[in-house]
Amino acid sequence: MAQQVYDLPCDGEGTCMACKNKPTAEESLTCKTCATPWHITCLSVPPNSLADTLQWDCPDCSLLSANPVPVSGAGESSSSGSLITAICAIETDSSLTEREKAKRRQQLLCKDAGPSDRKEVTNSDDNLLSILDGLNCSFCMQLLERPVSTPCGHNFCLKCFTKWIGQGKRNCANCRKEIPPKMARLPLINSTLVTVIRIAKMAKANAAVGTSRDYPVIRNEDRPDKAFSTERSVKSGNANAASGKIFVTTPMDHFGPILPENDPMRNQGVLVGETWENRFECRQWGVHNPHISGIAGQSKHGAQSVTLSGGYEDDEDHGEWFLYTGSGGRDLSGNKRTNKEHSFDQQFENSNEALRLSCRMGYPVRVVRSHKEKRSSYAPEKRLRYDGIYRVEKCWRKTGIKGFKVCRYLFVRCDNAPAPWTSDVHGDRPRPLPIIEELNVAIDITERMESPSWDYDEEKGCWMWKKPPPSSRKRANYGRSEEGKRTKKVKRQAQNKSIKEKLLKECSCYICKKVMTSPLTTPCAHNFCKSCLEGAFAGQNFVRQRTCEGRRTLRAQKNIMKCPSCSNDIAEFLQNPQVNRELMEVIESLQREIAKENKESKEEADGIHEKAKGVDVSNEIVEEAQENNLKGQIESEIQKTEKLKKTSGKCTQKRGRKKGSTSCKQLDDGKNVVDPSEPEKAASEELQDPVAESKV
DNA sequence: GGGCCCGCAGGG
DNA sequence: CCCTGCGGGCCC
């Protein structure tokens, strides 16, 4: 084979690797793409003009631009050259923000992520992806496809490598070290890398089809005392907050008052007239669970509580009784959570049906009034206030103010404690139902036929359960599916961990069977620890170094220097074995990740929260409770009412501004878009039998 | 003060 | 897994 001329650049010290001289500044030429310095006089094709030197591409870069290497598995042409052009186009686009540019660049580099945002994945999934990033081919910048490893420890796609060789190159594209003729003739696939990439790809695909509920789920006991914003949340404060800890032991679907036995923190239960800053706090004391919805209830179980927040203009508040409007009938398209405009008829379904069930059964319904109800004299000036137990005496449908049918409920108070607005020292007595004029035009009227579950006991002189309350279907202190979601999360974490551990196991040394330290990839594409492989030939090393030894001895030694895995001669490789740094980095990343996850799971077990800071909101209330315990029940109620008036005056609503806080909201719009990963799958399939294919 | 936005949580 | 929702923050 005729000797070919290869262009070589200058090394890190500025010495030309071809002539071994150090070119002067005038003799040196820098590539516009890769910024590598080259010696002009040693170039086989020097630039024609001075203008050319300014926009000069080195032989390697111009080669890649002129002969694009097909992107493996993607089914389309790309190259580092066109990639660079595309990146430049993004960088110079003034209409894009920095964040948008970063996003476009990422999309460009991860073609398989599709046109939309990549599906949001958990941190551990992201880490798996970043580990994969370390295994990109230096030619095509894509994840290694049928990886081949040079003895100098660099990895390339088989296609890219053979193309490079086909162009007459016999040096490593990364370090310029010579490629053994045998490898140039028949490059072998590094099966360890294949397995590692395949497992990681499968993990990535699994992550991509995960649900949008992949964010961490926190058990009640681990939640902080106040609502907190999660990592996911774009807005600060309570705008998109997660709920704080539930302080009471009542299950979510508990009917009736929150009693002292359900209040381990204060041992007093929730008293009429208690107030809270917001819906989250109200929820934490078990009074009204949903943090937006006005009705808490289940259609087949009944409604436990309602909130009067002025959200429905048909509401009519008379203190001891009020007319409540059902939910629904409003257009919530466009990602709205509420809407003041009615646009279609309400039906007795979902929470409306739950309230109707409570009406039929005569269940006690907790009532909360909000300062947002501006038309009522009975609403608190500030905050939210618990006003006690009411019963739904009747319900019906009528045409609302906006002309659409609404569900209507007559609530009548039936609590043993006096209402916050009354000067009475005793609670309610059974009272005749008010006359409701709109009942004359009402449809679908429902009245209770059987005796109510919650009723007044004349003998005992108080309201109480006359029938056993409906048995709870929920666990105390837990959301409906929180337990399930938690199990799911733990399962996914364990799965991810096992993937990483599996990956690491794949990186074990043939000799010591342990995870490789400083991995060496032989020309026969087998991987060993540097120390293991060198140790295996320790005796020969000494002889081999003595090159003046006789021919017979050397040959005998060379025969012994066989790959422990496939018995190929690796004597030459052992003369100057180079660590496969990319593989080493993958191994180290995996080890770091596993260690980190172990640490995190330990911390989680210890109940540590980074972002959400636990704030003890209860001290004041506990002191209050202790004080109250010394006095009679009625006295404490009066005190409570007085305190309510004071706190109402003191309360100020925070209304700060944060500049540019919503500037990045568009980035989150694609959060539910699932990565199709089609090219990925194709690539995985092609990887099924890489060795066999490569030998064809 | 109106309007828009969107994470969270529960229902079904 | 999709739908619903009488919140809360921030911009205009």
Side-chain angles (χ1 to χ4, degrees), chain A residues 120 209-218 220 223 227-244 246 252-253 276-284 288-301 303-315 317 324-342 346 349-354 367-376 379 384 406 473-474 478-482 484-485 488 653-669 671-672 674:
Chain A
E120 193 166 320
V209 296
T211 70
S212 60
R213 300 274 180 180
D214 273 351
Y215 49 86
V217 173
I218 308 166
N220 185 60
R223 286 178 179 269
F228 59 98
S229 54
T230 62
E231 292 292 339
R232 257 175 73 95
S233 184
V234 174
K235 289 181 184 173
S236 59
N238 286 340
N240 293 314
S243 167
I246 307 294
M252 203 183 61
D253 56 353
W276 304 280
E277 176 69 33
N278 51 42
R279 290 286 290 267
F280 281 108
E281 278 188 21
C282 177
R283 169 190 155 84
Q284 287 178 274
H288 186 73
N289 212 35
H291 68 264
I292 295 180
S293 179
I295 303 166
Q298 305 79 36
S299 58
K300 291 192 170 70
H301 195 57
Q304 296 85 29
S305 56
V306 295
T307 302
L308 286 96
S309 291
Y312 286 82
E313 55 191 344
D314 291 292
D315 287 2
D317 194 359
Y324 195 73
T325 312
S327 64
R330 303 188 294 189
D331 175 28
L332 297 180
S333 62
N335 211 10
K336 290 190 281 288
R337 299 293 175 268
T338 58
N339 185 348
K340 284 183 181 172
E341 294 299 312
H342 277 238
Q346 288 183 356
E349 55 189 18
N350 302 329
S351 52
N352 293 350
E353 178 59 19
V367 170
V368 174
R369 280 186 175 82
S370 163
H371 67 95
K372 288 186 171 184
E373 174 54 276
K374 299 295 181 195
R375 300 161 303 155
S376 167
L384 287 132
V406 289
R473 305 182 307 172
K474 314 281 178 189
Y478 276 96
R480 177 187 60 84
S481 57
E482 199 153 296
K485 282 192 279 187
K488 212 169 164 185
Q653 208 179 351
K654 286 173 201 162
R655 219 172 161 78
R657 284 186 188 203
K658 199 175 168 187
K659 198 181 173 188
S661 68
T662 54
S663 60
C664 56
K665 57 183 179 283
Q666 290 302 323
L667 281 171
D668 292 323
D669 287 349
K671 64 182 182 295
N672 287 326
V674 176

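So that the names make sense, note that chain A is the first sequence line, chain B the second, and so on, each numbered from 1.
Distances from the side chain of A/M252 to the nucleotides B/dG12, C/dT4, B/dG10 place B/dG10 closest. The nucleotide whose nearest atom lies closest to any side-chain atom of A/I292 is, among B/dC6, B/dG12, C/dC6, C/dC6. Of the listed nucleotides (B/dG12, C/dT4, B/dC8), B/dG12 has the atom at the smallest distance from the side chain of A/N350. Listed nucleotides: B/dC8, C/dG5, B/dG11. Nearest to the side chain of A/A242: B/dC8.
Look at A/T338 and you won't find any side-chain N or O under 4.0 angstrom from OP1 or OP2 of C/dG7. Under 4.0 angstrom from either OP1 or OP2 of C/dC6 there lies no side-chain N or O belonging to A/R279. Put simply, A/R283 has a side-chain N or O that comes within less than 4.0 Å of OP1 or OP2 on B/dG10. Using a 4.0 Å cut-off, no side-chain N or O of A/R375 falls inside it from OP1 or OP2 of C/dC6. Contact check, A/K474 against B/dG11: a side-chain N or O comes under 4.0 Å of OP1 or OP2. Residue A/S299 places at least one side-chain N or O under 4.0 Å from the OP1 or OP2 atom of B/dG12. Dashed line: the shortest gap from a side-chain N or O of A/N289 to OP1 or OP2 of B/dG10 is under 4.0 Å. In this model, the phosphate group of C/dG7 is approached by a side-chain N or O of A/S309 to a distance below 4.0 Å at OP1 or OP2. OP1 and OP2 of B/dG11 both lie 4.0 Å or more from every side-chain N or O belonging to A/S351. For the pair A/K372 and C/dG7, the criterion of a side-chain N or O lying under 4.0 Å from OP1 or OP2 is met.
Side-chain contact, A/S299 with A/N350: no donor N or O sits under 3.5 Å from an acceptor N or O.
Using N1 to N3 plus N6-O4 or O6-N4 for Watson-Crick, or N1-O2 and O6-N3 for G-U wobble, each under 3.5 Å, B/dA9 pairs with C/dT4.
Looking at A/K235, its side chain has no donor and acceptor atom pair within 3.5 Å of the base of C/dC10. No hydrogens or angles were tested; on distance alone, a donor-acceptor pair under 3.5 Å links the side chain of A/N240 to the base of C/dG7.
The CD atom of A/E373 sits 16 Å away from the C1' atom of C/dG7 (whole-angstrom rounding).
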Exercise. Given the rule in the side chain to side chain donor-acceptor pair (under 3.5 Å) test, do A/D317 and A/S376 qualify, once you have shown the distances and angles that lead to the verdict?
Worked result: CA-CA 6 Å; A/D317 194 359; A/S376 167; 2.6 Å; yes

